[in-house]
Every structure is written in C-alpha cells, then in structure tokens.
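Here's the structure we're looking at; comments come further down.
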Amino acid sequence: MNAAFAQPSLTSRISSALYLHPKLLLLLLLAPPLLWLGVIYLGSLFALLLQSFFYIDDFSGNIVREFSLATYGQLFTRANADVFIRTTLMAAAVTIAAALIAFPIAYYMVRYASMKMKAALYLAVMLPLWSSYLVRVYAWKLILAKEGIVTWFAAQLHLTWLLDAVLAIPVIGGPSLSISYIGSFLVFLYIWLPFMVLPIVAALERVPPSLTEASADLGATPGQTFRKVILPLAFPGVVAGSIFTFSLTLGDYIIPGIIGNSRPFIGQAVYQLQGTAGNIPLAAAFTIVPIIIMAIYLMAARRLGAFDAL
C-alpha cells in the first residue's frame, strides 16, 4: 500500500509538468539555439558594427573609441568603391552563369532522367563537395596555369591564338587564366554550382506533371508550356540558388587570393585590413556593406517566393 501511494519521482514530475505546459517545453527546446544565435552570432555582429563607428588616429595609428562616421566616409574613396563594384559584379556574373548552366541539368534530372541516371547525376553534382575546398581550388590553379592542361589542349587543337585573344581582353584578361578574372570566374562557378542545381531540382520536383499535361491539352506548344508554366513555378528555386551563389561569392576571400590578380575583393580587403594593416574599424565597415547588400537581396528573394524552394 505504501508503494502504491509513494510520491512520484522528480523525473516523473518534470515530465508531467512539461506535458501539461507544452509552451514551456517549446521554450526549453528553443532556448539553447536562440541563446547561441543571440549571444554568439548576433552579439558578434553587434560588436563588429560597434567597431565600425570608431576610427584610426592618423598621427598615432591607434584606434580612437569615439563615435564617428569618419570610417564610413573612407568607404566612398575610389579604391574602396572599386572593391565593392568588382566583388558585386563577379558575384552577379557567377550567379547568372550558374543559373544558365544549372537549370538545364536540373530540368533533365527531374523530367527525363531514369532513376539510375538521376542517381548518377546527383552523385556528379555532390561529389565535388566531398573533397577539400582548398584541394579543389589549388587543382584549378594547376589546370588554368600557363603550363596547365587548358593551355596544352589549346596547343593540341591549334587554338592557342584564341586563348591568347581571350587573355588579351582588357580588365578580365591576364598573363594566364590562373592570373585573371576569367580564371576566378571559372573557379567560383565550379565551386558554387551545386548550390544552384539542388534548389532548382527541388523547385522543379514540386511542379505537378498534370499542369504540363493540361497546358498541352489546351493547345500550348512545348516552348509555351516551358515559358508560361514551368519557368514561373521553378523561378523561386532559381532565386533560392542565387542566394547561395551570390552570397558565397560575395564573401569569399580564398579563391581570389589563389586564382586571379592582385586587385582585392571584399573578403581579401577585410582580411588585409584587420590583419597586416591593423585597421579594424575600416575592416568592420567593409563587412557592413555585404550585409546590407544581402539584406536587400534576401528581401527581394522573399517577395519572389525563394524561401519556399529551400
């Protein structure tokens, strides 16, 4: 009898309390990730933002911890503005090219590929992600070098003149593909292409086949069906993929440091300013710009329904 009326254990009381108060359970489950997000992530961003309002004393070279917009004024100099323009244009070019390449691949995977072929294509898209990021970048440096396989193939096909003509293009050319914006573009495109393919595949798989059949029944040509039915429904997937390719290119500093010329991108500028230059306020101000760019980009992507395709 005493055992039957024994007090429930502490574990049982806690379990019963959480069962009777589901909001308390939800709060306990969300507390650790929200604490990490609020303190570690948002806290570090706030500290970074705070640093951007300080400035460097021209005479002593020390950081003056007083509120000022002088550091932000330095962002509008010609050299710094060129860094933002250069990085944004490269990110936009990589995003557009990735979308043009990824969409036919994703469309074939969803609409025409057999199960075995689809699995093989998934493997081909994902396989590069299984190797080291640095290994892939340095492999491309060897491929694009003046003594690399691209130059060798051009010589074998008697197209050296074409390669030289491409490298002679102002601004984007250079001594070799590995020391040019063309090379940086190719490596960016290779590295981030899987992040464009997968969201488009997910978006295309959500398009019901009955819609394309209804379009054909109503007399639409395959081209009209693609333009007016499939593409609008799959476009959020393209925008979702562009979030990855654009943001990752915008913030990368390793690829431009290995492939390309000496003109820096945003990531390199931040690394140099907070490292060798010791100008942490300007480095912090530099990081605010891509945050603002991506905030605007994400708001536009949300309006286009991109988050539904993630």
Side-chain donor/acceptor pairs under 3.5 Å, residues 166-178, sequence neighbours excluded:
{"from": "Ser176", "atom 1": "OG", "to": "Ser178", "atom 2": "N", "distance (Å)": "3.4"}
{"from": "Ser176", "atom 1": "OG", "to": "Ser178", "atom 2": "OG", "distance (Å)": "3.0"}

Going by atom type alone, with no hydrogens or angles, which donor-acceptor pairs under 3.5 Å involve a side-chain atom of residues 280-296 and a protein atom two or more places apart or on another chain?
{"from": "Thr287", "atom 1": "OG1", "to": "Ala284", "atom 2": "O", "distance (Å)": "2.6"}

Would you give me the side-chain donor-acceptor pairs under 3.5 Å for residues 109-121, sequence neighbours excluded?
{"from": "Ser114", "atom 1": "OG", "to": "Met117", "atom 2": "N", "distance (Å)": "3.3"}
{"from": "Lys118", "atom 1": "NZ", "to": "Glu205", "atom 2": "OE2", "distance (Å)": "2.9"}

Identify each donor-acceptor pair in which a side-chain atom of residues 188-201 lies under 3.5 Å from a protein atom, sequence neighbours left out, and give them as a table.
{"from": "Trp192", "atom 1": "NE1", "to": "Thr249", "atom 2": "OG1", "distance (Å)": "3.4"}

Under 3.5 Å donor-acceptor pairs involving side-chain atoms of residues 236-246, not counting sequence neighbours:
{"from": "Ser242", "atom 1": "OG", "to": "Val239", "atom 2": "O", "distance (Å)": "2.5"}
{"from": "Ser242", "atom 1": "OG", "to": "Tyr297", "atom 2": "OH", "distance (Å)": "2.6"}
{"from": "Thr245", "atom 1": "OG1", "to": "Thr95", "atom 2": "OG1", "distance (Å)": "3.3"}
{"from": "Thr245", "atom 1": "OG1", "to": "Gly241", "atom 2": "O", "distance (Å)": "3.3"}
{"from": "Thr245", "atom 1": "OG1", "to": "Ser242", "atom 2": "O", "distance (Å)": "3.3"}

Review item, side-chain donor-acceptor pairs of residues 150-161, under 3.5 Å, at least two apart:
{"from": "Thr151", "atom 1": "OG1", "to": "Ala145", "atom 2": "O", "distance (Å)": "3.4"}
{"from": "Thr151", "atom 1": "OG1", "to": "Lys146", "atom 2": "O", "distance (Å)": "3.2"}
{"from": "Trp161", "atom 1": "NE1", "to": "His158", "atom 2": "O", "distance (Å)": "3.2"}

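Taking OG1 from Thr87 and CZ from Arg263, the interatomic distance works out to 12.0 Å, rounded to the nearest 0.5 Å. If you take CD1 on Ile143 and CD1 on Ile259, they are separated by 9.5 Å, rounding to the nearest 0.5 Å. Atoms CD and OG, from Gln224 and Ser215 in turn, are 7.5 Å apart once rounded to the nearest 0.5 Å. To the nearest 0.5 angstrom, Leu186 atom CG is 11.0 Å from Ile255 atom CD1.
In this structure, Gln74 and Tyr55 have side chains that are not in contact, with every pair of non-hydrogen atoms separated by 4.5 Å or more. Residues Tyr253 and Ile266 form no side-chain contact, since every pair of their non-hydrogen atoms from C-beta on lies 4.5 Å or further apart. For the pair Pro32/Leu35, no side-chain contact is recorded, criterion being any heavy-atom separation below 4.5 Å from C-beta on.
As a member of the Ile/Leu/Val/Met/Phe/Trp/Tyr network built from side-chain separations under 4.5 Å, Val207 groups with Leu211, Val229, Leu233. Side-chain heavy-atom separations under 4.5 angstrom define the hydrophobic clusters, and the remaining members of the one that includes Ile85 are Leu89. Leu30 forms part of a hydrophobic cluster together with Leu26, Leu34, judged by ILVMFWY side-chain heavy-atom separations under 4.5 Å. Hydrophobic cluster of Ile179: no remaining members, since no ILVMFWY side chain lies below 4.5 Å from it.
For Tyr72 and Phe53, the ring centers are positioned less than 6.0 Å apart. Aromatic rings from Phe265 and Tyr271 are positioned such that their centres are separated by 6.0 Å or more.
For the residue pair Asp252 and Tyr133, a side-chain donor N or O sits within less than 3.5 Å of a side-chain acceptor on the partner.
Judged as a salt bridge (Lys or Arg N to Asp or Glu O under 4.0 Å), the pairs with a partner in residues 75-100 (not counting sequence neighbours) are, in order, Arg78-Asp82.
Not a single donor-acceptor pair under 3.5 Å links the side chain of Thr225 to the backbone N or O of Thr212.
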Exercise for review: Evaluate the criterion ring pair (Phe, Tyr, Trp, His ring centres under 6.0 Å) for residue pair Phe103 and Phe226; output intermediate values, then yes/no.
Suggested key: CA-CA 12 Å; Phe103 199 96; Phe226 177 80; 5.7 Å; yes

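With sequence neighbours left out, Ser210 forms a side chain to side chain donor-acceptor pair (under 3.5 Å) with no residue at all.
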